[in-house]
S.K.: 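Please find one structure pasted underneath; my questions will follow.
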Amino acid sequence: QVQLVESGGGLVQAGGSLRLSCAASGRTFTSSRMAWFRQAPGKELEFVAAISGSFGNINYADSVKGRFSISRDNAKNTLYLQMNSLKAEDTGIYYCAADVLGYVAQYWGQGTQVTVSS
C-alpha cells in the first residue's frame, strides 16, 4: 500500500522558515516525478513545486520562486520543501504528491497545515 506522509507544518511569523518533509512508503519513487501543492482557505488547489525523478528537473510556481526550494533524498524515499521568507499568503494546507503528470497525481498525502502570521 502506497503512503505519502507529510510533516513539518506549523505556525510561523512572516519572514520565517519551515521545512516540510514527505515520507513515501509502499514502493520506491526514485523515477517518479513528485510535487508539492497547496490549498489556501476558500481557494482552489495550487501547484507549488515539482521535481523529476531521473534528472532532478525542477519547476516552481512564480509565487514561490527564489523563496522555496524542493529537493529529494531517494535513499530515504523522502521529498522536502524548504520554505524561506514566508508570507501570509503562503498559508494553507500543503500536500505532497507522487507520479505527477502536469497537475494530476496518482498518489497524494493527507496534507500538513502551514500558517504564516503577519
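Heavy atoms only: backbone and side chains are in, while hydrogens, waters and symmetry mates are out.
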S.K.: Does the side chain of Q106 come within less than 4.5 Å of L101's, by heavy atoms?
M.R.: no

S.K.: Among residues two or more places apart or on two chains, list those pairs meeting disulfide (SG to SG under 2.5 Å) that have a residue in residues 31-85.
M.R.: none

S.K.: My understanding is that only residues two or more places apart in sequence, or in another chain, count here; which of them pass side chain to side chain contact (heavy atoms under 4.5 Å, CB included) with D62?
M.R.: K65

S.K.: For N77, give me all partners under side chain to side chain donor-acceptor pair (under 3.5 Å), at least two apart in sequence or on another chain.
M.R.: none

S.K.: Taking all non-hydrogen atoms of both residues into account, name the closest pair between A50 and R33 and its distance.
M.R.: CB-NH2, 3.3 Å

S.K.: Mind checking side chain to side chain contact (heavy atoms under 4.5 Å, CB included) for I58 and listing every partner two or more places apart, or none if nothing turns up?
M.R.: I51, Y60, I70

S.K.: Which donor-acceptor pairs under 3.5 Å do side chains of residues 14-29 form with protein atoms, sequence neighbours excluded?
M.R.:
| unit_1 | atom_1 | unit_2 | atom_2 | d |
| --- | --- | --- | --- | --- |
| S17 | OG | N84 | OD1 | 2.9 |
| R27 | NH1 | D99 | OD2 | 2.8 |
| R27 | NH2 | D99 | OD1 | 3.3 |

S.K.: For E46, check side chain to side chain donor-acceptor pair (under 3.5 Å) against everything at least two apart and list the hits.
M.R.: R38

S.K.: Which atom names give the shortest non-hydrogen contact between G53 and N74, and what distance separates them?
M.R.: O-ND2, 4.5 Å

S.K.: Mind jotting down which residue pairs meet the salt bridge (Lys or Arg N to Asp or Glu O under 4.0 Å) criterion with at least one end in residues 72-82? Sequence neighbours excluded, please.
M.R.: none

S.K.: Apply the test side chain to side chain contact (heavy atoms under 4.5 Å, CB included) to residues L4 and Y95: give CA-CA distance (whole Å), side-chain angles for both, the deciding distance (0.1 Å), then the verdict.
M.R.: CA-CA 9 Å; L4 302 177; Y95 298 93; over 6 Å; no

S.K.: Could I get the full list of side chain to side chain donor-acceptor pair (under 3.5 Å) partners for S117, not counting sequence neighbours?
M.R.: none

S.K.: Indicate, with yes or no, if L11 and I93 share a hydrophobic cluster defined by side-chain heavy-atom contacts under 4.5 Å among Ile, Leu, Val, Met, Phe, Trp and Tyr.
M.R.: no

S.K.: Applying side chain to side chain contact (heavy atoms under 4.5 Å, CB included), run through M83 and V114 and close with a yes or a no.
M.R.: CA-CA 10 Å; M83 306 186 294; V114 171; 3.9 Å; yes

S.K.: Locate the shortest heavy-atom distance separating Q39 from L45; write the atom from each residue and the value.
M.R.: NE2-N, 3.9 Å

S.K.: Run the salt bridge (charged side-chain N to carboxylate O under 4.0 Å, His left out) test against E89 and tell me which residues pass, sequence neighbours left out.
M.R.: none

S.K.: Does one hydrophobic cluster hold both V48 and W108, with members joined at side-chain heavy-atom distances below 4.5 Å?
M.R.: no

S.K.: For A40, check side chain to side chain contact (heavy atoms under 4.5 Å, CB included) against everything at least two apart and list the hits.
M.R.: K43

S.K.: Identify the heavy atoms of Q113 and G92 that sit nearest to each other, and give their distance.
M.R.: NE2-O, 3.4 Å

S.K.: Does T91 reach the main-chain N or O of T115 with its side chain, forming a donor-acceptor pair under 3.5 Å?
M.R.: no

S.K.: Taking S52 for its side chain and N57 for its backbone only, find out whether a donor-acceptor pair lies under 3.5 Å.
M.R.: yes

S.K.: Identify, with sequence neighbours excluded, every residue that meets side chain to side chain donor-acceptor pair (under 3.5 Å) alongside Q110.
M.R.: E6

S.K.: Would you say the side-chain atoms of W36 pair up with the backbone N or O of Y80, donor to acceptor, closer than 3.5 Å?
M.R.: yes

S.K.: Compare all side-chain heavy atoms of Q82 with those of S71 and state whether any distance is below 4.5 angstrom.
M.R.: no

S.K.: Quick check: is V12 connected to L81 through a chain of hydrophobic side chains (ILVMFWY, heavy atoms under 4.5 Å apart)?
M.R.: yes

S.K.: Applying ring-ring contact (aromatic ring centres under 6.0 Å, His included), can you list everything that pairs with Y94, at least two apart in sequence or on another chain?
M.R.: none

